[in-house]
2 protein chains.
Amino acid sequence: MKPLPLSSSAGTGLAMRAVSERFDKIQVPAAYRLVAEAIEREILTGRLRAGEAIGTEAELGRQFGVNRSTVREGIRALEEGGYVSRGPDRRLYASLPRYSRLSSRMSRAMVLHEVTFRELYDATMALEMASIEHACAVITPEMLAELAANIEAATAAQDDPVRLSELDSDFHALLARASGNRVLELAREPAGLLFFPTAELICRRVPEGARRMLEAHRALLEALRARDVKLATTWMRRHLVDWRKGFERAGRDLDEPVERVYARTLAPPA
Amino acid sequence: MKPLPLSSSAGTGLAMRAVSERFDKIQVPAAYRLVAEAIEREILTGRLRAGEAIGTEAELGRQFGVNRSTVREGIRALEEGGYVSRGPDRRLYASLPRYSRLSSRMSRAMVLHEVTFRELYDATMALEMASIEHACAVITPEMLAELAANIEAATAAQDDPVRLSELDSDFHALLARASGNRVLELAREPAGLLFFPTAELICRRVPEGARRMLEAHRALLEALRARDVKLATTWMRRHLVDWRKGFERAGRDLDEPVERVYARTLAPPA
DNA sequence: GTTTCATAGCTTGTCCGACAAAGTCAAACA
DNA sequence: TGTTTGACTTTGTCGGACAAGCTATGAAAC
């Protein structure tokens with residue numbers, strides 16, 4: 001990587017540059033970027049609300065005074081960011097960036113940066129403990145019912161590792177939702193997306209894995225019903241320590257980086 | 001909030017649809033999307049490594065057999081996702097999605113979804129406690145030095161709320177880094193981006209705010225030096241409870257949603 | 001021989017015009 | 001009244017074009 005040439009005008013004999021760096025390089029933002037930012041700003045500030053139509057490409061081009069191609073490039077960026085999406089009629093509508101989209105991007109970034117299972121484990125421990133703690137305080141009958149339904153489904157799927165690990169993911173996602181704290185819910189999701197799928201591996205390799213998982217889930221549900229924070233956190237810790245033991249028993253090392261393999265299971269940009 | 005029309009093919013004259021839903025709507029992915037996915041896949045699977053040149057637009061167009069405009073649209077999406085970036089020479093290089101970029105997107109999503117300061121507070125409590133706990137175990141002399149430097153700068157800036165809140169943000173970001181757990185570091189950042197800037201408000205409104213903040217930071221540093229987990233966590237809790245008191249003393253309500261105002265302070269997509 | 005300069009060439013950002021496919025709407029038709 | 005048809009709109013893609021900026025190559029100067 002070369003040091004960026006400061007400015008083209010420095011090409012001609014400007015040795016006096018050493019004197020002092022008076023001016024920064026002046027940057028001209030590309031037009032498509034300005035278009036994207038303008039629309040994004042409308043949404044961010046609430047002047048454009050989710051679900052509202054944005055207008056046709058041609059119209060936007062007219063408004064901004066740029067070519068349709070330029071508008072299209074700006075829109076691609078917004079689309080990727082989740083700020084706009086196309087309706088069934090292919091038209092453009094403003095929309096709120098969806099958490100799930102961002103979470104899976106984060107997960108993929110983690111994989112690319114080669115975080116280890118230990119990091120995942122430690123972080124998950126902190127986040128799940130916090131989730132269950134808050135859930136104990138505010139959980140609703142509806143969420144309890146959803147958790148119960150999840151456990152029931154898992155009981156029926158005891159011999160299907162794939163389904164079981166999906167249900168495990170769901171169970172913990174439900175817990176986070178039950179905490180009533182969306183920041184927490186959001187914070188745990190990227191890690192959860194990588195962490196819980198390993199349940200499949202464990203269920204395959206460790207005979208009593210599924211049973212212990214279910215036992216823990218049932219105990220957690222009971223503790224939540226009773227709103228017994230102490231019991232709930234104890235079981236959550238046990239549950240996660242169990243995961244760790246299972247992971248190691250399955251012959252894996254906590255200090256391995258999360259494999260790229262998982263990148264495939266993460267929802268590719270829809 | 002309107003349910004976004006996600007994929008309702010129930011558009012027009014498909015009355016015979018009632019008979020039976022034998023076939024799914026067949027979707028032809030747009031070419032620019034295929035281009036984007038192809039390149040993304042190369043990076044995700046590691047065949048294209050960060051820093052490697054991707055090729056010129058014209059060349060890609062030739063390879064994929066599509067027009068340059070189409071390639072450009074695909075690239076806009078990848079650019080937004082952080083998978084490619086342009087070098088100083090404006091050429092395309094593969095790159096790893098950067099955390100910070102994703103974090104600020106998450107923060108903005110939180111603002112749009114109107115999370116409350118209480119949610120932010122509770123989540124931050126969990127995340128900062130975990131960070132400091134792990135940091136106690138693994139912090140390096142270099143990180144201790146960085147924290148000390150931060151405190152020194154803050155001491156010098158006691159009367160500058162803006163600078164002070166920046167340094168507060170940095171301090172906690174450093175702590176997270178010191179934990180050696182990138183998952184944790186990543187998980188806390190979106191919340192941190194919204195949470196810590198409020199220090200400015202508090203320093204402005206609460207006379208002893210700055211002093212107490214500095215006191216806490218110094219105590220945290222000492223505890224880290226001594227690797228005293230108990231002391232460190234105690235101070236962290238106190239520090240955050242202090243924030244909460246200050247926030248309320250400043251006349252704010254924990255159950256307010258985080259204002260859209262903050263959206264402006266979040267790095268706009270550079 | 002090395003340094004400086006200038007030009008040519010490539011690449012990007014933008015524009016223009018065009019066309020097929022798919023969706024919408026409304027008038028015409030049974 | 002309900003369906004069909006057809007005109008109109010909008011998106012996705014293409015081809016070509018040009019100015020601005022960066023690189024490099026070679027020429028000129030020392």
Side-chain angles (χ1 to χ4, degrees), chain A residues 1-17 25-39 53-80 84-93, chain B residues 5-19 23-39 53-80 84-93:
Chain A
M1 196 80 79
K2 246 178 241 192
L4 40 170
L6 270 194
S7 80
S8 56
S9 60
T12 59
L14 287 201
M16 71 281 259
R17 193 185 135 234
K25 173 152 173 50
I26 185 167
Q27 324 222 22
V28 218
Y32 73 85
R33 185 140 287 291
L34 294 178
V35 168
E37 276 165 29
I39 298 177
I54 290 187
T56 68
E57 297 174 353
E59 194 179 307
L60 289 172
R62 204 172 35 69
Q63 282 187 46
F64 287 115
V66 299
N67 193 274
R68 186 162 79 97
S69 311
T70 305
V71 171
R72 283 175 66 78
E73 290 189 35
I75 286 174
R76 289 306 153 238
L78 289 174
E79 232 170 14
E80 191 65 12
V84 314
S85 56
R86 317 211 76 117
D89 52 359
R90 279 171 157 200
R91 279 192 177 72
L92 287 170
Y93 295 91
Chain B
L6 267 195
S7 75
S8 61
S9 58
T12 37
L14 291 200
M16 73 285 258
R17 197 180 136 237
V19 176
F23 296 112
D24 288 338
K25 172 151 174 47
I26 186 166
Q27 332 217 21
V28 222
Y32 73 85
R33 183 140 287 292
L34 294 177
V35 168
E37 275 164 29
I39 297 176
I54 290 186
T56 68
E57 296 174 354
E59 195 179 307
L60 289 172
R62 204 173 35 68
Q63 284 186 45
F64 287 116
V66 299
N67 192 277
R68 186 162 80 97
S69 311
T70 306
V71 171
R72 281 174 67 78
E73 290 189 35
I75 286 174
R76 288 305 154 241
L78 289 173
E79 231 170 15
E80 190 65 12
V84 314
S85 56
R86 318 211 76 118
D89 52 0
R90 277 168 156 202
R91 279 190 176 73
L92 286 171
Y93 295 91

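By convention in this document, chain letters (A, B, ...) are assigned in the order of the sequence lines, proteins followed by strands, and residues within each chain are numbered from 1.
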Phosphate contact (D:dG12 OP1 or OP2) by A:Arg86 side-chain N/O below 4.0 Å: yes
Length of the CD-P vector between A:Glu57 and C:dC15, whole Å: 14 Å
Per nearest nucleotide of DNA chain D, the residue lying toward the 5' end, A:Arg72 or B:Arg68, is A:Arg72
Ignoring backbone atoms, test whether B:Arg91 places a side-chain nitrogen or oxygen under 4.0 Å from the OP1 or OP2 oxygen of D:dC22. no
Stepwise, does the side-chain contact (heavy atoms from CB on, under 4.5 Å) test hold for A:Arg76 with B:Tyr32? CA-CA 9 Å; A:Arg76 289 306 153 238; B:Tyr32 73 85; 3.3 Å; yes
With a 4.5 Å limit on heavy-atom distance, are the side chains of B:Val35 and B:Leu78 in contact? no
Atom CG of A:Leu60 to atom P of D:dG12: distance rounded to whole Å? 13 Å
In whole angstrom, give the distance that lies between atom CZ of B:Phe64 and atom P of D:dT13. 13 Å
Interatomic distance where CD belongs to A:Glu73 and P belongs to C:dC15 [whole Å]: 10 Å
Between P on C:dT11 and CZ on B:Arg62, what's the gap in Å once rounded to a whole number? 11 Å
Which residue, B:Ser69 or B:Thr56, contacts DNA chain C at a nucleotide closer to its 5' end, judged by nearest heavy atom? B:Thr56
By nearest atom, which of the nucleotides C:dT24, C:dT14, D:dT13 is closest to the B:Tyr32 side chain? D:dT13
How far apart are the closest heavy atoms of B:Ala36 and B:Gly74, and which atoms are they? CB-O, 3.7 Å
Just to be sure I understand the rule, does B:Thr70 reach a base, reach only the sugar-phosphate, or reach nothing, if contact means heavy atoms closer than 4.0 Å? sugar-phosphate
Donor-acceptor pair (no angle test) under 3.5 Å: B:Asn67 side chain, D:dG15 base: yes
Quick one: do A:Glu59 and A:Arg68 make a salt bridge, cutoff under 4.0 Å? no
Calculate the interatomic distance between A:Leu92 atom CG and D:dT11 atom P; express it in whole Å. 6 Å
B:Glu73 bridged to A:Arg72 by N-O distance under 4.0 Å: yes
Does B:Arg90 have a side-chain nitrogen or oxygen under 4.0 Å from the phosphate oxygens OP1 or OP2 of C:dG13? no
Interatomic distance where CG belongs to B:Leu34 and C1' belongs to D:dT13 [whole Å]: 13 Å
Taking atom P of D:dT10 as reference, at what distance in whole Å does atom CD1 of A:Ile75 sit? 13 Å
